[in-house]
Every structure is written in C-alpha cells, then in structure tokens.
Trainee: 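Got a structure for you, written out below as structure tokens; questions coming shortly.
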Amino acid sequence: MTEAASPLDDALRAFADAAADTVAAHYSVPAPAIAFEAPRRPEFGDFATNLAFSLAKTARRSPQEIAAELVGELARRAPQLERVFSSVDAVAGFINLRVAPRVWHGAVERILREGDRFGEAPPNGQRISLEFGSANPTGPLVVVQGRSMSVGATLANAMRFRGYDVFVEWIINDAGGQLDALGRSLYARYRQQSSPDYPFPPDGYPGDYLLPIARRIRELDGDRWVSVAESDWLPYFSQFGRDDLVAQQRQTARRFGVVYDRWQSERELHETGKVREGIEHLRGLGLTYESEGALFFRATSFGDDKDRVLLRSDGRPTYFCMDVAYHYKKLKDSDRVVDILGPDHHGYIERLKGMASALGYPGRLEVAIVQQVTLMRGNDQVGMSKRAGEIVALDDIIDEVGVDAARFFFIMPAVESPLAFDLKLALENESENPVYYVQYGHARIAAVLRRALEPDVQAAKSAALDSLVHPAELALARRLAEFPRVVAGVVEHLAPHRLARYARDVASDFHQFYTECRILAEERDLRLARLALSLAAKSVLARTLALAGVSAPDSM
RNA sequence: GCGGUCGUAGCUCAAUUGGAUAGAGCAACAGGCUUCGAACCUGUAGGUUGGGGGUUCGAGCCCCUCCGACCGCGCCA
C-alpha cells in the first residue's frame with residue numbers, strides 16, 4: 001500500500017516541476033528545493049514560495065525582478081497550470097498561488113472516499129521508541145504526569161497514523177532508595193493502626209493514600225509483622241506498596257485512555273544483567289574510568305559539565321547507570337528514541353544525549369521536557385505541596401473535569417511552554433471552553449445530518465461538488481485538505497498542540513460555513529454538495545479528536 | 001556562582017522552524033435567531049514580541065549583553 005498523491009499534492013508538484021524547468025533554462029544555477037508555505041494573510045493566496053529569494057544571491061538580481069520574470073515564463077512554458085491554479089502572482093519577491101476550486105473539491109471527494117483513513121500514511125518501516133509519564137511507584141499519579149501522558153499518547157497516535165512502528169514504554173523507578181522510604185512509611189501506617197504513636201519516618205511519604213494499603217496488609221497478615229526485625233519486614237512492605245501503587249497508576253493511565261506496550265521495571269533491568277551489558281559496552285568503547293573506587297562515564301567528552309558516576313564505590317549502580325543500559329537497548333532497536341520527561345529534568349538532557357552519542361547513536365535520541373502545570377480554579381492557585389502531603393492526584397482532576405477536557409487542555413500549549421490549567425474553565429460548558437467549542441462543532445454537524453433526508457446523505461457521498469464556490473465553503477475545504485500535513489508536522493516537531501489548534505480551526509471554519517451557507521438548501525445539487533462538505537468536515541474533526549484522545553459526540 | 005527552559009495583547013496561548021502588515025480564544029464594547037443546534041457568527045478596541053546591540057534582502061525565532069521568572073547543579077531518583 002502506498003499513499004496516493006492528493007489532487008493538491010499533484011498541483012503543487014506540477015508547479016514545482018515547471019518552476020524548476022524555468023529556472024534551469026534561465027539561470028546557470030541549480031534550482032533550489034522549492035518549498036511551499038501557507039501565507040498568514042489570505043489575500044496572499046493559498047500557497048507561497050520564496051524561490052526568488054533563494055535565487056537572488058547567486059543571480060545577483062533583486063527577488064522582485066526574478067519573481068516577476070518567473071511568473072511570466074511559467075505562464076508561457078506551462079499553460080496547463082491554469083487548470084489547477086486560479087492565479088499565480090509575483091508580489092514583493094514572493095510567488096503567490098491561488099488554487100482553483102476544483103482542487104479543493106477533489107480533496108473533499110478524497111476525504112469522503114477514504115473516511116477514517118484520510119491522512120493516514122502506509123507503514124514506513126521506521127521504528128520509534130517513546131517513553132513518557134514514568135514516575136516513582138511511591139504515590140498516585142499527579143498533574144504533570146497527566147500532561148506528560150496526554151502529550152505522549154497523542155504523539156504515539158499521530159506517529160502510528162503516519163506509518164511509524166511505535167513502541168510505548170513506562171519506566172517503573174523501583175530500583176532506588178525511595179522504595180525503602182516507601183516501605184518504612186507503609187510500615188509506620190501499619191503499626192499506627194494499633195499504636196497511634198508509632199513514629200513516622202522523616203523522609204517518608206505522608207499522603208493518605210498509604211492508609212488503605214496498610215489496612216489491607218493488616219487484613220491479610222494481622223500482627224505478623226509487629227515484632228520482627230526491619231530486615232525482615234522492609235522488603236515485604238516495599239514490594240507490597242510498590243505493587244499496589246503501580247497497579248493504581250496503571251488503572252489511572254487506562255482510565256485516561258493511555259495504553260502502554262510495556263511497563264518496564266528498573267529493578268528487572270538490573271536483575272537480568274541488562275545494566276551490566278550497558279556498562280560493559282561503554283567500558284569497551286573506552287568511555288569509562290575508575291576513580292576513588294567508583295566507575296565514571298566521560299560525560300564531559302560529550303558536552304556535559306562534569307563526568308558522571310555509573311557505579312558507586314560500594315558497587316551499586318546509579319539512576320543514570322540504569323538509563324544507560326535502558327537507552328542502549330532502545331537505541332539499538334529503534335530509528336528514533338523519544339523521551340518525554342518532567343520539568344525537573346532540565347539538567348539531565350545533556351547527559352542523556354551525550355550518552356547516546358557515546359553509544360554510537362548521535363542524533364537518534366530526542367528529549368522533550370514537559371513544562372510545569374499550575375493548577376488554577378478561576379483566579380486561585382490550587383495548592384500541591386508535597387511536603388504537606390496535599391497533592392492533587394490526576395484521578396481527582398479527571399473526576400472534576402472529565403477525560404475529554406483534561407486530555408485537550410494538557411495538549412493545548414506547546415510542550416515546552418508552561419501551562420496554567422484552570423479547572424473552573426475546563427468545567428464550563430460555555431463558549432469560553434475550547435473543548436466544548438470543538439465538540440459542539442461536531443455535534444452540530446451531526447444534528448444537520450440527522451435532519452437531512454437519508455437518501456440525500458447517501459447521494460452526497462458521491463455528489464458533484466462544482467457548486468461549492470462560496471468563500472466559506474472553499475475555506476473549510478482547504479482546511480480539511482491540510483489535515484495530513486498537520487499530523488505530519490505534529491510527528492516531526494513533537495508538537496501535539498497543533499492538533500488542538502487544528503481542531504479549533506476546523507470547528508471555526510465549519511461554524512462560519514454554517515452561518516453563511518444554508519446546508520439544507522432548496523436546490524438539490526447545492527444541497528448535496530454542502531452535505532458532502534459537512535460529511536467530510538465531520539470525518540476529519542472526529543479523526544483529529546480521536547488522535548488527541550478526546551471523544552466526538554453526536555449530541556451534547 | 002555554573003547550566004538549562006522560558007519571557008509575545010488585560011488573561012491563556014499561537015506564529016508552518018529565518019518570510020510579507022505578529023495571530024486566535026477568553027475578558028471588554030457594538031451588532032446578528034419567525035429558517036438546518038445562538039454551546040454559534042460578524043465587527044471594534046487591545047502590541048516598541050522584557051531592554052539594548054549585532055548578523056542579512058528579511059529577525060518573535062540566530063549571535064552577544066543586561067533584566068526578570070521557573071527548574072536543575074549528590075556516589076538521590
């Protein structure tokens with residue numbers, strides 16, 4: 001299966017070919033790659049190319065002159081372009097193209113033909129390893145993990161849609177000292193059920209979420225752990241707490257519509273020798289040295305500001321060491337490795353990238369840092385001090401605003417932008433809420449289609465679209481035709497926020513079309529054509545929302 | 001102190017990765033339903049892109065330098 005070229009692609013390629021020929025005939029320089037962009041201002045046409053600017057330097061002439069000349073030559077040499085472009089103008093050095101309505105009609109026909117698969121790319125053989133959300137198994141998932149999961153899951157959906165073979169992993173950070181702290185905290189809660197004065201460890205996890213787990217241990221084991229040595233109860237309580245909390249985290253992720261291919265335990269990486277394998281690989285490359293009994297990685301050779309410890313002087317591996325082993329495996333097996341990390345990992349990026357270069361895969365690892373989320377309720381900031389144990393769990397947010405609003409809000413800003421998440425706004429079912437705006441657009445289309453006669457809806461799927469000439473109709477058709485490029489951009493730039501924005505734009509273009517054009521028009525050809533456009537809009541909008549993990553209701 | 005991310009309209013955010021007169025939504029103001037869902041649409045107003053310098057045909061984006069916010073800087077994870 002190959003992705004068939006769209007009428008739009010054909011039109012642009014025809015222009016690019018003709019332009020390249022013209023350049024070759026008139027300039028003694030190789031034709032630069034011709035790129036098209038959509039101008040911000042509609043009066044500059046549907047597409048523009050800066051070809052003349054690229055030629056200006058070597059040709060030693062002004063871009064304005066070159067652009068005007070190219071346009072004149074194109075008209076002479078490639079008159080067939082008139083069929084697909086309604087205008088080709090040279091303006092201030094740019095060449096502006098306006099696409100003929102029939103090309104947009106072709107795009108709508110294609111959407112109706114391909115339905116859900118419009119914009120999908122065939123398998124490209126590229127494998128992407130994606131990690132996001134990962135947390136310590138010491139408590140419930142919190143807000144920032146919600147954002148990380150929304151971003152990661154949306155990217156995974158978009159990547160798969162665009163033909164990548166994606167493997168999604170969650171790392172369970174269960175190899176470090178924090179599990180001891182968890183075990184001691186849980187044990188204290190267990191003891192406090194009969195001895196309220198039993199001391200809580202100072203470095204423990206004070207949240208209430210440990211209470212039900214402690215109660216369950218008491219139900220299962222009674223007083224069995226009261227009078228045994230710590231060396232006996234600690235492993236048990238650590239493991240019990242870890243297992244229970246990981247189960248809760250998985251439950252939350254599932255509820256949030258996020259599916260992982262693997263939940264990878266760090267401890268398991270260690271126990272199965274994967275960690276040693278990674279270290280040996282680095283050692284074999286001569287990138288380690290021993291000092292003061294510890295094993296160091298020469299991170300400074302790869303841009304980090306200091307060398308990093310892999311094995312402590314007592315022989316235990318560091319967190320970074322785990323990451324080396326784990327990434328070695330991922331880098332070997334994938335064409336592209338993407339880590340989406342929390343905001344406290346800024347200082348970690350250089351180290352990870354240095355490691356990727358050291359392992360022989362420079363440029364294969366991409367690290368995106370999801371910025372902080374500030375929870376607001378109207379103008380009031382919602383507190384989340386870990387010290388006081390008052391954490392706002394992701395489950396609480398889902399309870400309050402629902403999965404749709406949460407998933408949508410979390411991907412609205414660019415990944416590296418901070419996010420102020422207003423719970424009050426996310427709950428409003430009024431115009432100011434962007435989620436409802438988009439979902440309302442979908443429901444409104446569904447309502448019109450319900451109102452139309454069924455034979456008309458069927459006939460619309462193969463109707464002639466020549467009567468679609470209104471600016472609002474063409475604007476909507478053009479927007480829908482952008483969809484494949486939008487998703488490709490989301491994948492390339494790790495930019496899920498473009499999907500949220502695009503959904504907004506599609507809904508907006510539809511609302512305007514709806515306001516200015518009566519869909520259920522008296523005249524049959526026009527009515528069928530507008531129904532066809534509505535069907536296409538509904539299809540693309542639903543697909544866009546599905547990629548973001550948001551439902552597209554037919555009524556609300 | 002060193003390093004990183006960021007700073008865009010009153011607020012929340014964009015800007016197709018160096019393109020044209022920096023755009024949307026909310027909030028404000030003024031309009032639009034006897035007709036397909038007004039949870040919508042149209043219009044007005046709102047900006048020295050934190051300040052300054054540089055690079056070039058062209059800078060919110062790249063370089064330098066200040067200012068400010070946040071986050072890292074352990075043989076923690």
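First the proteins, then the strands, lettered A, B, ... as listed; each starts at 1.
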Trainee: Which of the following nucleotides, B:A20, B:A77, B:C13, is nearest to the side chain of A:Leu419?
Mentor: B:C13
Trainee: Whether the side chain of A:Asn96 and the base of B:A20 hold a donor-acceptor pair under 3.5 Å is what I'd like checked.
Mentor: yes
Trainee: Compute whether any side-chain donor of one residue and acceptor of the other, for A:Ser467 and A:Asp525, lie under 3.5 angstrom apart.
Mentor: no
Trainee: Considering only side-chain heavy atoms of A:Asn136, which listed nucleotide, B:U16, B:C36, B:A77, is closest?
Mentor: B:A77
Trainee: Would you say the rings of A:His511 and A:Tyr437 are close, in the sense that their centroids are separated by under 6.0 Å?
Mentor: yes
Trainee: Atom CZ of A:Arg504 and atom P of B:A39: how far apart are they, to the nearest Å?
Mentor: 15 Å
Trainee: Checking A:Gln439 side chain against A:Ser551 main chain: does a donor-acceptor pair fall under 3.5 Å?
Mentor: yes
Trainee: Return the 5'-most residue of the pair A:Cys517, A:Asp314 with respect to RNA chain B, ranking by each residue's nearest nucleotide.
Mentor: A:Cys517
Trainee: Other residues, nucleotides and ligands only: do more than 12 of their heavy atoms fall within 6.0 Å of CZ on A:Arg98?
Mentor: yes
Trainee: From CZ of A:Phe53 over to P of B:G18, roughly how many Å is that when rounded to an integer?
Mentor: 16 Å
Trainee: Between B:G7 atom C1' and A:Glu416 atom CD, what is the distance in whole Å?
Mentor: 13 Å
Trainee: Please state the C1' separation for the pair B:C70 and B:G10 - nearest whole angstrom.
Mentor: 23 Å
Trainee: If you only use heavy atoms from C-beta on, which nucleotide in B:A39, B:A77, B:A22 is closest to the side chain of A:Arg40?
Mentor: B:A22
Trainee: From OH of A:Tyr440 over to C1' of B:A39, roughly how many Å is that when rounded to an integer?
Mentor: 6 Å
Trainee: Given B:G37, B:C13, B:U21, identify the nucleotide with an atom nearest to the side chain of A:Met556.
Mentor: B:G37
Trainee: Mind telling me whether B:U12 is syn or anti, cutoff 90° either side of 0?
Mentor: anti
Trainee: Output the rounded distance in Å from CG (A:Asp505) to C1' (B:A14).
Mentor: 10 Å
Trainee: Contact class for A:Ala38 vs. all strands (heavy atom < 4.0 Å): base, sugar-phosphate, or nothing?
Mentor: base
Trainee: Among A:Leu282, A:Leu287, A:Val324, find the residue that satisfies the side chain to side chain contact (heavy atoms under 4.5 Å, CB included) test when tested with A:Met355.
Mentor: A:Val324
Trainee: Using Watson-Crick or G-U wobble geometry with both distances below 3.5 Å, tell me the partner of B:G47, or none.
Mentor: none
Trainee: Looking for any heavy atom pair under 4.0 Å, which part of the strands does A:Ala452 touch: base, sugar-phosphate only, or nothing?
Mentor: nothing
Trainee: If you measure from the C1' atom in B:A45 to the same atom in B:C40, how many Å do you get, rounded?
Mentor: 22 Å
Trainee: Within the structure shown, what part of the strands sits under 4.0 Å from A:Asp180 by heavy-atom distance: base, sugar-phosphate, or nothing?
Mentor: nothing
Trainee: Over all strands shown, is A:Arg41 touching base, sugar-phosphate only, or nothing at heavy-atom distances under 4.0 angstrom?
Mentor: base
Trainee: Verify the ring-centre separation between A:Phe94 and A:Phe44: is it less than 6.0 angstrom?
Mentor: no
Trainee: Find which nucleotide of RNA chain B each of A:Thr49 and A:Ile519 is nearest to by heavy atoms, and output the residue with the more 5' nucleotide.
Mentor: A:Thr49
Trainee: Less than 4.0 angstrom between a side-chain N/O of A:Gln512 and OP1 or OP2 of B:C40, yes or no?
Mentor: no
Trainee: Provide the distance between the two P atoms, one in B:A59 and one in B:U21, to the nearest whole Å.
Mentor: 9 Å
Trainee: What does A:Ala294 touch in the nucleic acid at a heavy-atom separation under 4.0 angstrom: a base, only the sugar-phosphate, or nothing?
Mentor: base
Trainee: Suppose we define a pair by two distances each less than 3.5 Å, Watson-Crick or G-U wobble; what does B:G10 pair with here?
Mentor: B:C26
Trainee: Can you tell me which nucleotide in B:A20, B:A14, B:A38 comes closest to the side chain of A:Ala414?
Mentor: B:A14
Trainee: Does A:Phe237 have A:Arg184 sitting over its ring (NZ/CZ under 6.0 Å from centre, angle to axis within 45°)?
Mentor: no
Trainee: A:Ala521 near the nucleic acid: base, sugar-phosphate alone, or nothing, with a heavy-atom cut-off under 4.0 Å?
Mentor: nothing
Trainee: Looking at the side chain of A:Leu520, which of B:C36, B:A38, B:A77 is the nearest nucleotide?
Mentor: B:C36
Trainee: Which of the following nucleotides, B:A24, B:A15, B:A77, is nearest to the side chain of A:Glu266?
Mentor: B:A77
Trainee: So, is A:His345 close to the B:A77 phosphate, meaning a side-chain N or O under 4.0 Å from OP1 or OP2?
Mentor: no
Trainee: Using whole Å, report how far CD of A:Glu37 lies from P of B:C61.
Mentor: 17 Å
Trainee: Who is the Watson-Crick or G-U wobble partner of B:G3, with both distances under 3.5 Å?
Mentor: B:C71
Trainee: Distance between the C1' atoms of B:G47 and B:G60, in whole angstroms?
Mentor: 12 Å
Trainee: Does a side-chain N or O from A:Tyr205 land closer than 4.0 Å to OP1 or OP2 of B:A77, or not?
Mentor: no
Trainee: Contact class for A:Pro343 vs. all strands (heavy atom < 4.0 Å): base, sugar-phosphate, or nothing?
Mentor: sugar-phosphate
Trainee: In whole angstrom, give me the gap between the P atoms of B:G51 and B:C11.
Mentor: 15 Å
Trainee: For A:Phe94 and B:A20, is the gap between ring centres under 5.5 Å while the planes differ by less than 30°?
Mentor: yes
Trainee: What nucleotide among B:C75, B:C36, B:A20 has an atom nearest to a side-chain atom of A:Glu292?
Mentor: B:C75
Trainee: Quickly work out the A:Met376 CE to B:C13 P distance and round it to whole Å.
Mentor: 10 Å
Trainee: P atom, B:C63 versus B:G25: distance in rounded Å?
Mentor: 33 Å
Trainee: Take the protein atom CG of A:Leu499 and the nucleotide atom C1' of B:U16, then report the distance between them rounded to whole Å.
Mentor: 15 Å
Trainee: Just N and O in the side chain of A:Tyr514: are any of them under 4.0 Å from OP1 or OP2 of B:A38?
Mentor: yes
Trainee: Using the side-chain heavy atoms of A:Val309, tell me which of these nucleotides is nearest: B:A39, B:C75, B:A20.
Mentor: B:C75
Trainee: Quick one: classify the glycosidic conformation of B:C41 as syn or anti, with syn meaning within 90° of 0.
Mentor: anti
Trainee: Would the base of B:C75 count as contacting A:Thr318 through its side chain, where contact means a donor and an acceptor less than 3.5 Å apart?
Mentor: no
Trainee: A:Arg501 side chain: which of B:A77, B:C41, B:A14 is closest?
Mentor: B:A14
Trainee: Between A:Asn96 and A:Asp89, does any side-chain donor sit less than 3.5 Å from a side-chain acceptor?
Mentor: no
Trainee: Hey, does A:His497 reach any base, or is it just sugar-phosphate, or nothing, if we go heavy atoms under 4.0 Å?
Mentor: sugar-phosphate
Trainee: Rounded to whole angstrom, note down the C1' distance from B:U49 over to B:U8.
Mentor: 4 Å
Trainee: Do you see a donor-acceptor pair shorter than 3.5 Å between the side chains of A:Arg242 and A:Gln178?
Mentor: no
Trainee: Would one find a side-chain N or O of A:Ser417 under 4.0 angstrom from OP1 or OP2 of B:A14?
Mentor: yes
Trainee: Are any of A:Arg312's side-chain N or O atoms less than 4.0 Å away from OP1 or OP2 of B:C76?
Mentor: yes
Trainee: Can you tell me the Watson-Crick or wobble partner of B:C57, both distances under 3.5 angstrom?
Mentor: B:G19
Trainee: Using a cut-off of 4.0 Å on non-hydrogen atoms, how would the nucleic acid contact of A:Ser62 be classed: base, sugar-phosphate, or nothing?
Mentor: nothing
Trainee: Cut-off 3.5 Å, side chains only: do A:His345 and A:Asp339 have a donor facing an acceptor?
Mentor: no
Trainee: I'd like the C1' distance from B:A14 over to B:C36, given in whole Å.
Mentor: 33 Å
